[in-house]
Protein chains: 4
Amino acid sequence: MERIIGLINAPFTPFTNEGKVNTEPIPAYADMLVRNGLKGVFINGSSGEGYLLTEEERMMLAEAWMKAAPSGFKVIVHVGSTCVAASKRLAAHAQTIGAWGIGAMATPFPKIGRIEELVKYCEEIASGAPDLPFYYYHIPAFNGAYLSMLDFLKAVDGHIPNFAGIKYTFESLYEYNRCRRYANGKFDMLHGQDETILPCLAMGGAQGGIGGTTNYNGRNLCGIIEAWKAGDLDRARELQEFSQDVIDVICHYRGNIVGGKRIMKLIGLDLGPNRTPFQNMTDEEEACMKKELEAINFFERCNK
Amino acid sequence: MERIIGLINAPFTPFTNEGKVNTEPIPAYADMLVRNGLKGVFINGSSGEGYLLTEEERMMLAEAWMKAAPSGFKVIVHVGSTCVAASKRLAAHAQTIGAWGIGAMATPFPKIGRIEELVKYCEEIASGAPDLPFYYYHIPAFNGAYLSMLDFLKAVDGHIPNFAGIKYTFESLYEYNRCRRYANGKFDMLHGQDETILPCLAMGGAQGGIGGTTNYNGRNLCGIIEAWKAGDLDRARELQEFSQDVIDVICHYRGNIVGGKRIMKLIGLDLGPNRTPFQNMTDEEEACMKKELEAINFFERCNK
Amino acid sequence: MERIIGLINAPFTPFTNEGKVNTEPIPAYADMLVRNGLKGVFINGSSGEGYLLTEEERMMLAEAWMKAAPSGFKVIVHVGSTCVAASKRLAAHAQTIGAWGIGAMATPFPKIGRIEELVKYCEEIASGAPDLPFYYYHIPAFNGAYLSMLDFLKAVDGHIPNFAGIKYTFESLYEYNRCRRYANGKFDMLHGQDETILPCLAMGGAQGGIGGTTNYNGRNLCGIIEAWKAGDLDRARELQEFSQDVIDVICHYRGNIVGGKRIMKLIGLDLGPNRTPFQNMTDEEEACMKKELEAINFFERCNK
Amino acid sequence: MERIIGLINAPFTPFTNEGKVNTEPIPAYADMLVRNGLKGVFINGSSGEGYLLTEEERMMLAEAWMKAAPSGFKVIVHVGSTCVAASKRLAAHAQTIGAWGIGAMATPFPKIGRIEELVKYCEEIASGAPDLPFYYYHIPAFNGAYLSMLDFLKAVDGHIPNFAGIKYTFESLYEYNRCRRYANGKFDMLHGQDETILPCLAMGGAQGGIGGTTNYNGRNLCGIIEAWKAGDLDRARELQEFSQDVIDVICHYRGNIVGGKRIMKLIGLDLGPNRTPFQNMTDEEEACMKKELEAINFFERCNK
């Protein structure tokens, strides 16, 4: 199977002020991502408020991204939901419209507590798009699925034909590396925390990753990988440190889904509000965040 | 607003062996519940695998229960989901078909960590069925929404016009009672743990409740309330102890959703398998569970 | 073995303003407890900041309480610590000075995650005072030892000769009752949450208990049991509700160890500050707490 | 203040078979550590079962290590306990006997939930040894003190005169790096997870660290830093991967305190059993562990 090389962006979902899905900004959004070095998108995931969308909205978004994506720009569709039948339908739809791949995080309800449950869940969904690579999206802080990913790889190996790898959004670089080395690197371990790309590269990982702050800071995050490859450790460090500073700011404003989405407006690509139950930032909060970003010269260095 | 008096049952969703929703057993199911003293149903909730159903399936089930319910038998429709728009549609549908009320637990994704988020979430959903009482279903073990229910009552009071009360499925009888006494008992606090009906009655609560083990043990659980009212404490204790013994058995078999649903087959109302990611019991496990139930004379005392 | 009937108080440890242990108020403290219906004390536990005392201080306190206790007033010494050898020494000391019994909670370090570890821990400590009844103090919110108490009883039964029962400070009245009924009531299940004495009585439990808010609200908490025995449910409810209101207040002021200890000063028995790392209440906070207590007429109804 | 360069080992505490502290192996232990590249010891910490020792035992061990330590070999004494007065005494003792520094983790009881509590706790202990550098040992998985270390640094800065830095035993390399960069690197951030030395080096950290698996795998762990400095990334990776494989083995045998301590016996330095409540490995488990270690050629590469 083809490996993902470089960074994929997890886009936010554009809404109108009334809260309807708004596909209008997507072509400009895709252009901006390409311009800043991103290799594709992982849509309808956590940054994209995928769980807060209806099935029809998710399909509509997938189609809009397929239309907007230039040749070679990968569209991976997150199809996870609490309802396997719906997820399978979304997987089939992704295959039909020619998406590059699909992914799913563990359902948050019921909370998954056993490897076998997770395997069954992934297997049924993956079977909906048998021709596409399937990525498991590991983000236990969001769904409580604190399972050993090494045991999971052992369990899916040879069992789910189109299983491609894991989007690993968890702090343990130890476990990440153990998974990366499993069966001589059989599976594609996508790094999923923008704050630790450089340390992960040092271990041999992070050749491919999926980012959330890449939406507005992709050029610097892509720059870490380039600098590392070029042997310029000082530059890689500086870029990683800057990226950590950016993350530090959004952590003051309810994280990437809320704070990060509002940054898009500040860099000229207004994507509208968040859906309930997210609490949208107030104008006052936006002004404060802007100041914090200015203090680190963000607007001179961000995606353009 | 009318108070719920007595026990409401949270039914399992019948599936065919192929995993399709099967409305065929519902009339017999409703009859059995009435016969055993239940006052209504809370459908499409956690026992009903509501989150694992599509929107269409949830509506189909609501219609089937409305058709099967005899006069005066309350049908409350759980409409919670990760997508507020879908929940609001389900709420509107419930009102259209004449359901008695609606309910929603907190979305498990994103995990709700603030009272204001929960209020917003409930408010939007409740507005879909303005003529029906709305119950918040508090079950933090399932969705991580460990919030103060007293603070929540204060926040919704005067804010959500059709807010009726809470289905309280958590261990703190202290908090339960604080909520019950809030504003001179303004809200309807439905007791939601079958293992502690008697202690709750002693405090003055549990006049109304929603049970999960009432599916097969309803006559004994209803019996606790009757015995208490009749001043027969010994009988109330014996029935509560028996009910705890039953719960002890299902805890050995992955709880009510899996183990309890299989008991229905053992008492003659086969409701089919569970949906992914639940792991269905094996025949061997079923045989073991049957023995444990026989050891406490369950089959002589259960719903019939 | 003798059962504990009625309520035992878990006293605070008196300190001088300089933070030294101060045994001077203990005789008056004991008198006050007797006067308000308490049947004994469980010293050096969580309310007594036992873990924050040196071994010598713990012994000194035990001796002071033994000296102050009138005939028939039970002195139970909590001897748990992170160091089993020290705990065993404290147990032997308790036996030597004629204490009525001993108790120990699970060590918080290392966090106990297996029944066998807990059994071994209790066994070694209990062996230090072979002639005294040993109570396990279950308070998992404080030490993370979330283990099944029913499985624990099965494991200690026949294994620790002087094992007497459990001080059960956890919300599950279901598990409490299962333990109470184990082996026809073989072990003494002491109720350990003042907020739920009445509901527990209804189930047949709470004949004996150990309280923390009994320090200042003991007469009302003892009154719940009396009213229940006298068949006066209305009075039992009123007293339980009042006691919940009191607990509600201390929850606003960092709980019983900090807020509750300061109430002692307000009712005329100043026990000094808390030890580091507890943050003592400011005078301003004290004034606010006093107002909240006045609002529920606490000072007319409290221990005197 | 002097920075720690290189790796410090957290030794196990030698016990006789009867469970008494055994200082006899300490000189040979110290020699072995020096021979394998370690720069000092952090004694009486979690690997050393410090919380399970009496105050006298802790002092005796500190003296034995001081006696055994060759010139320039740093002895850092962990003095944390649940009793601040005892910790302060241990701190003073460490200073008296000429230890290089002291450290303390947050008390596990009461669980520390606020920065101010932690600052107070550290301040009082650090004041016991005003001439020695004080390190806070951050290991929230063991004591539940999940606090922001960046906020903690801000709070201690200028407040605790001998505060030197943090032994950081947590997965977030993001937070580690934020702390490392605080106030232009004002504080000494000791890396505390042997599984991620290489990634941390890449970010600019891990110049100094405190290891637990360094007891038996120190030469390879020290080798990572050497290889990195020498620009030999391939060798650094191989050594880090080997070290992860070793950690993987001990994770199958209750971790470093139990499994790791038994490895010492396998490499010729028997340190005796663990204290209650730890469950010592059986001979059978030891044989299994040995096989797993042989399978990765551990005994050819380990400390000698």
Side-chain angles (χ1 to χ4, degrees), chain A residues 140-141 146 148-151 154 168-182 184-185 191-206 213 224-225 227-229 231-252 296, chain D residues 140-141 146 148-151 154 168-182 184-185 191-206 213 224-225 227-229 231-252 296:
Chain A
Y146 287 97
S148 159
M149 284 298 99
L150 195 59
D151 290 345
K154 288 175 192 167
Y168 190 86
T169 303
F170 188 52
E171 279 73 21
S172 177
L173 290 186
Y174 163 49
E175 185 188 48
Y176 171 89
N177 209 38
R178 299 280 302 158
C179 290
R180 189 183 63 80
R181 292 172 59 213
Y182 172 76
N184 296 311
H191 185 69
Q193 294 202 317
D194 298 337
E195 50 271 51
T196 51
I197 292 176
L198 172 58
C200 197
L201 282 163
M203 268 191 334
T213 66
I224 296 170
I225 300 179
W228 173 262
K229 282 188 185 152
D232 189 345
L233 185 60
D234 286 344
R235 180 159 171 71
R237 282 179 179 168
E238 197 282 331
L239 290 166
Q240 182 68 78
E241 291 175 2
F242 175 75
S243 301
Q244 291 182 348
D245 291 346
V246 173
I247 290 167
D248 218 42
V249 174
I250 60 165
C251 285
H252 301 159
I296 57 169
Chain D
Y146 287 96
S148 158
M149 285 298 99
L150 195 59
D151 290 344
K154 288 175 192 167
Y168 190 86
T169 303
F170 188 53
E171 277 72 22
S172 176
L173 291 185
Y174 162 50
E175 186 189 45
Y176 170 89
N177 208 39
R178 298 281 300 158
C179 290
R180 190 182 64 79
R181 293 174 57 214
Y182 172 76
N184 296 311
H191 184 69
Q193 293 203 316
D194 299 337
E195 51 272 49
T196 50
I197 292 175
L198 172 57
C200 196
L201 282 164
M203 268 190 333
T213 67
I224 295 169
I225 300 177
W228 174 263
K229 281 185 187 156
D232 189 345
L233 184 62
D234 286 343
R235 179 156 171 73
R237 282 179 178 170
E238 197 282 330
L239 289 165
Q240 183 67 78
E241 290 175 2
F242 175 74
S243 301
Q244 291 182 348
D245 290 346
V246 172
I247 290 165
D248 216 44
V249 174
I250 60 165
C251 286
H252 301 159
I296 59 169

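A note on names: the letters A, B, ... follow the listed sequences, proteins ahead of strands, and every chain is numbered from 1.
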Nearest 0.5 angstrom please: A:M203 CE to D:L201 CG, how far?
12.5 Å
For D:E241, which residues count as a salt bridge (Lys or Arg N to Asp or Glu O under 4.0 Å) partner, sequence neighbours excluded?
A:R180, A:R181
Restricting to non-hydrogen atoms, name the atom on D:A202 and the atom on A:P199 that form the minimum distance, rounded to 0.1 Å.
CB-CA, 4.3 Å
Under 4.5 Å from any heavy atom of chain A - which part of D:L233
side chain
Rounded at 0.5 Å granularity, tell me how far CD in D:E175 sits from CG in A:D248.
10.0 Å
Nearest heavy atoms of A:N177 and D:Q244, plus distance in Å
ND2-OE1, 3.1 Å
Let me confirm one number: the CD-OH distance from A:E171 to D:Y174, rounded to the nearest 0.5 Å.
10.5 Å
Test log, rule side chain to side chain contact (heavy atoms under 4.5 Å, CB included), inputs D:D245 and A:R178
CA-CA 8 Å; D:D245 290 346; A:R178 299 280 302 158; 2.4 Å; yes
Side chain, backbone, both or neither: which part of A:I247 has an atom under 4.5 Å from a heavy atom of chain D?
both
Are more than 12 heavy atoms, taken from residues, nucleotides or ligands other than A:R235, located less than 6.0 Å from that residue's CZ atom?
no
